[in-house]
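To start, the structure itself, in structure tokens.
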Amino acid sequence: MTGTVATAGTLRILYFAWLRERVGTSEETVALPATVTTVGELMAWLQTRGPGHAAAFAAGGTVRCAVNQDFAHADAAVRPGDEVAFFPPVTGG
Amino acid sequence: MTGTVATAGTLRILYFAWLRERVGTSEETVALPATVTTVGELMAWLQTRGPGHAAAFAAGGTVRCAVNQDFAHADAAVRPGDEVAFFPPVTGG
Amino acid sequence: MAGIRVQAEDFDVGAEIAALTAGRVDIGGIGCFVGTVRDHGAGRRITAMTLEHYPGMTEQAMARIAAEAEARWPLQGCTLIHRVGRLEPGANIVLVLTASPHRHAALDATAFLIDWLKTKAPFWKKECFADGSEAWVDAREADDQAAARWAATAP
Amino acid sequence: MAGIRVQAEDFDVGAEIAALTAGRVDIGGIGCFVGTVRDHGAGRRITAMTLEHYPGMTEQAMARIAAEAEARWPLQGCTLIHRVGRLEPGANIVLVLTASPHRHAALDATAFLIDWLKTKAPFWKKECFADGSEAWVDAREADDQAAARWAATAP
């Protein structure tokens with residue numbers, strides 16, 4: 001249940017707009033390391049997954065996030081089974 | 001040219017809404033007495049033309065006027081050939 | 001420049017928007033207000049209303065206020081249509097359309113124009129009640145205040 | 001209660017107003033805003049734009065903001081439609097419709113909803129330029145300020 005397990009379950013991750021283009025996919029399911037418990041930790045970990053991910057999260061301040069379709073800050077919790085989305089500031093209408 | 005003539009020419013007068021109903025006509029052409037040179041004098045004179053006219057102008061304060069299709073106050077000038085309209089405060093839309 | 005009409009016939013909002021924006025690719029937004037006949041007023045049920053206007057003066061005044069709106073806000077076009085005659089509950093009474101590159105300009109101009117049409121334009125409204133009686137509507141102070149707020153503010 | 005749609009297809013403003021008001025005789029006015037694609041932005045000519053949304057979250061967020069508008073103002077109905085996909089200059093992007101007994105409520109709610117849709121709803125816009133290049137639009141501070149003004153004011 002605690003630090004001894006390598007992963008805590010899976011997470012569905014969505015990317016929109018230029019984050020989707022940089023990562024190279026609109027959606028992926030990742031095995032969540034047990035050490036990743038917040039949005040901020042997830043972003044730091046995702047950056048290590050490849051050059052596309054690194055490019056997507058390089059401009060840290062302008063990336064927004066939603067957890068289970070609610071806007072979320074960097075300190076928001078992420079749990080196995082969550083749907084986490086990353087996107088730029090919205091530019092609708 | 002001055003005070004010695006009984007009338008100074010004709011005036012077209014229009015009535016709207018309940019003024020039209022009280023006067024009993026939507027439009028009349030009157031021979032303008034030379035003593036009538038303002039909207040206020042015209043209203044006072046019109047009241048003497050019959051019971052319908054008297055009823056129309058009895059509630060003095062709520063009668064509005066336009067001279068040649070521009071809103072006008074009681075001291076506005078009226079001249080032969082003018083089109084003068086009387087109506088209640090507007091209630092459009 | 002503005003389209004101004006006083007008419008007995010109904011209007012078609014979609015067709016008016018299409019006419020206002022036809023062939024244009026520089027418009028950012030269209031503000032619109034449609035006034036409709038309510039079936040009650042001052043607590044009484046209304047079966048119909050009759051609207052009267054001052055032919056000539058009304059259209060002139062509408063053209064003037066449209067020109068004022070076009071001077072105050074960056075409008076690319078404007079349509080004002082007001083119906084007259086007998087109108088039953090649910091019917092359209094008045095249409096304001098404004099086109100602008102900017103949404104706040106379009107919506108502020110729309111509010112300005114409908115406030116003016118409701119309080120300053122030469123129209124008179126008579127309400128018909130369920131018992132067969134009729135009454136001319138009194139001008140409401142609230143409406144005068146709504147129009148007055150535009151006197152002091154620049155956009 | 002509000003009608004919420006995100007769709008690739010165009011919408012028909014007249015048909016949407018008819019649907020919102022069908023059979024009702026208690027509505028005093030309909031506020032409306034239609035956003036359209038302009039052929040330029042930040043000084044450059046735009047040949048098209050592509051809009052992307054977050055399916056599920058976007059519709060939920062639109063339903064929540066419509067419910068908030070219905071709580072703030074005496075609305076009798078509300079329709080929000082936002083298009084996605086590729087749109088060319090002159091095309092409709094977004095529709096806000098509100099029905100109320102009172103014109104200021106309808107127009108204020110319309111302004112509130114379009115400010116929110118432009119600044120807070122999960123849509124992303126990419127512009128295509130005449131030289132074939134494309135760029136995602138940056139969020140504008142002016143838009144954030146427009147939305148922020150609603151935070152502090154009661155209707």
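Lettering follows sequence order; numbering is per chain, from 1.
For E127(C) and K125(C), the salt-bridge test fails: no basic side-chain N is under 4.0 Å from an acidic carboxylate O.
Here I93(C) is the residue among I93(C), V37(C), T58(C) with the most heavy-atom pairs under 4.5 Å with chain B. Taking A85(B), P88(B), S26(B), A66(B) one by one and counting their heavy-atom pairs under 4.5 Å with chain C, the maximum is reached by P88(B).
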List the atom pairs, donor and acceptor, that lie under 3.5 Å between side-chain atoms in residues 47-57 of chain B and the rest of the protein, sequence neighbours left out.
{"unit_1": "T48(B)", "atom_1": "OG1", "unit_2": "W45(B)", "atom_2": "O", "d": "2.5"}
{"unit_1": "R49(B)", "atom_1": "NH2", "unit_2": "E28(B)", "atom_2": "OE1", "d": "3.2"}
{"unit_1": "H53(B)", "atom_1": "NE2", "unit_2": "E28(B)", "atom_2": "OE2", "d": "2.8"}

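Proximity to chain B (any heavy atom under 4.5 Å) is restricted, for L117(C), to the backbone atoms N, CA, C and O. Proximity to chain C is absent for every atom of N68(B), based on heavy atoms less than 4.5 angstrom apart.
Residues passing the salt bridge (Lys or Arg N to Asp or Glu O under 4.0 Å) test with D131(C) are R44(C), sequence neighbours excluded.
Ring-plane geometry between F71(B) and F87(B) is classed as perpendicular, the angle between the planes exceeding 60 degrees on a 0 to 90 degree scale with a lower cut at 30.
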